[in-house]
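Following: one structure in structure tokens, then a few remarks.
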Amino acid sequence: MNAGHLFYGSSVFLMVMGVFIALTGKHLIKILLGIDLFDVGLNLLIISFGYVNGGTAPIFSRYPHVFKNVVDPVPQALVLTAIVIGVAEIAMGLAIVMRIKEKFGTCNISKLKELKW
Amino acid sequence: MIRKIVAFIFAFYFGFILYSFIYTHFPFGERPLKGVAAHYVEKGVQEEGATNIVTSIVTLYRGFDTLGEVTVLFLAATGLGLLLAGWKEEEKEKPEPTLIMETTTKYLFPLVLLFGSYIFIHGHLTPGGGFPAGVVIATGYFMMFIAQKEFKPSEYLLSATESFAGTLYVITGLLGLALAFSFLANVAPLGVPNTVFSAGIIPIIYIIIGFKVGSEMTGILQHMKEV
Amino acid sequence: MHSLILFMVLGLSLVLVVATLVIWLSKDLLVAILASAIVSLIASIFFLVLQAPDVAITEAAIGAGLTTGILLYAMKIAGRYEDD
């Protein structure tokens, strides 16, 4: 059993399903759920890139430390930023969805004729 | 139906290309640390004094990115408030919270706040930091919104906390610019690593971020609740 | 990585696949939102296995806690079922 296939496979599966749900969803909230899935999969992929075999977390509870076999801390810092941005983006999208529901009375994209050009 | 087929082909092709590219170019777990990552791991504790390397990357080495991220969060919260402002109030029958919910949350709420402050105060020693701490505090407020009937934090106080924390963050950065000729430089004394009073300005920045993220997320939840 | 941990990850990724399919197929948005919370929780366990505890605690607090709350508040306005 290969660990790389597991983690890369899970994250790519999440991204593929996120794209698929965002493209085929009928309800606006479901489209946002697809975007959320894509977000989670991408974060998992970036963290998987930084893993080092047999490595430990980049937290040294003893100083002076031995810095052999530590996983890459840079992707972790990047993903920490990306997760918080993701929730802001979802909240903004949901506010727009709520306004659309109030104005047009429906969230089904097949019935929202005004949005088509 | 044709849309589903096209979407399926597109998504499957995207996944196939991505996976084959990743698997040939990035073998799992076999990349040695090099460049900035090796520098951060080897010299991070000496240079900045925080034993959690991720924390020192987020607040100091890449501190400017974090300032931009906090700005994005602020813009999202403001935009949400703008979009949901002036919603016409409808009188709806709200279900009454039970006695168990009310009493439990009343005593649980201070503990949640305490846990959140523990996370952001110990951000440079243990996993965590300002962002999850702020979200934990906002989750405590969310619990109160659900379970208490008359619970309403002052909107003025929330936005005042948020603006004050944001200003303080920029002032901390400018202090580094004035004293060490670099924005967000670590100007405070480093202290002994692995103690609470160490790592210079990292705990200060994380306390500021904790307050800012907590008040912003609570504001978002309150706007969403009031519609 | 220890093979016992790999077996746990294998089982969790099966749960992840099932939860993703539930998000796709369910007509009830409440079920879909709760399944997305499960996906976030499993992703946070994966982050812990990949030695990223900072990201794991953030994902558990945000993905499984706050996002679910915001989505539930929006679902109250936007309607629970997909048809309307």
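Here is the naming used below: chain letters follow the sequence lines, and residue numbers restart at 1 for every chain. Just so we're clear, the structure is a prediction, and the values are computed from it rather than from any experiment.
Among D65(B), L84(B), V213(B), V72(B), the residue making the largest number of heavy-atom pairs under 4.5 Å with chain A is L84(B). Ranked by heavy-atom pairs under 4.5 Å with chain B, the first of F20(A), Y8(A), Y51(A) is Y8(A). Of the listed residues (R62(B), E216(B), R3(B)), the greatest number of heavy-atom pairs within a distance under 4.5 Å of chain A belongs to R3(B). Among P73(A), A82(A), S48(A), P75(A), the residue with the largest count of heavy-atom pairs under 4.5 Å with chain B is P73(A). Heavy-atom pairs under 4.5 Å with chain A were tallied for F10(B), F8(B), F26(B), Y23(B); the largest tally goes to Y23(B). By number of non-hydrogen pairs under 4.5 angstrom with chain B, the leading residue of R99(A), Q76(A), M92(A) is R99(A).
Against chain B, the residues from residues 29-47 of chain A that qualify, each with a non-hydrogen atom under 4.5 angstrom away, are F38(A), L45(A) in number order.
Across every non-hydrogen atom of L67(B) and T71(B), the tightest pair is O-OG1, 2.7 Å. Nearest heavy atom pair, residue N52(B) against residue G123(B), reads ND2-O, 3.7 Å. Listed here is the closest heavy atom pair of L125(B) and I59(A): O-CG2, 3.7 Å. The minimum heavy-atom distance linking H124(B) with P203(B) is given by the pair CE1-CG, 3.6 Å.
Proximity to chain B is limited to the side chain of F7(A), based on heavy atoms less than 4.5 angstrom apart. Only the side chain of F131(B) comes within contact range of chain A, judged by heavy atoms closer than 4.5 Å. For chain A, the nearby parts of P127(B) are the backbone and the side chain; heavy atoms of each come within less than 4.5 Å.
Separation of atoms OG1 (T81(A)) and CG (L73(B)) is listed at 11.5 Å; rounding is to 0.5 Å.
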If you look only at distance, which donor and acceptor atoms sit under 3.5 Å apart when one is on a side chain in residues 12-22 of chain B and the other is two or more places apart or in another chain?
{"from": "Y19(B)", "atom 1": "OH", "to": "H5(A)", "atom 2": "ND1", "distance (Å)": "2.8"}
{"from": "S20(B)", "atom 1": "OG", "to": "F16(B)", "atom 2": "O", "distance (Å)": "2.9"}
{"from": "S20(B)", "atom 1": "OG", "to": "I17(B)", "atom 2": "O", "distance (Å)": "3.0"}

What pairs of donor and acceptor atoms, side-chain ones from residues 217-225 of chain B against any protein atom, are under 3.5 angstrom apart with sequence neighbours left out?
{"from": "T218(B)", "atom 1": "OG1", "to": "G214(B)", "atom 2": "O", "distance (Å)": "2.6"}
{"from": "Q222(B)", "atom 1": "NE2", "to": "P153(B)", "atom 2": "O", "distance (Å)": "3.2"}

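Residue pairs meeting the ring pair (Phe, Tyr, Trp, His ring centres under 6.0 Å) criterion with at least one member in residues 29-76 of chain B, sequence neighbours excluded: Y40(B)-Y61(B), F64(B)-F183(B).
The aromatic rings of F145(B) and Y141(B) sit tilted relative to each other, their planes meeting at an angle between 30° and 60°.
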| said: Pair F120(B), I137(B) - check side-chain contact (heavy atoms from CB on, under 4.5 Å), show working. | reply: CA-CA 11 Å; F120(B) 67 63; I137(B) 290 172; 3.9 Å; yes
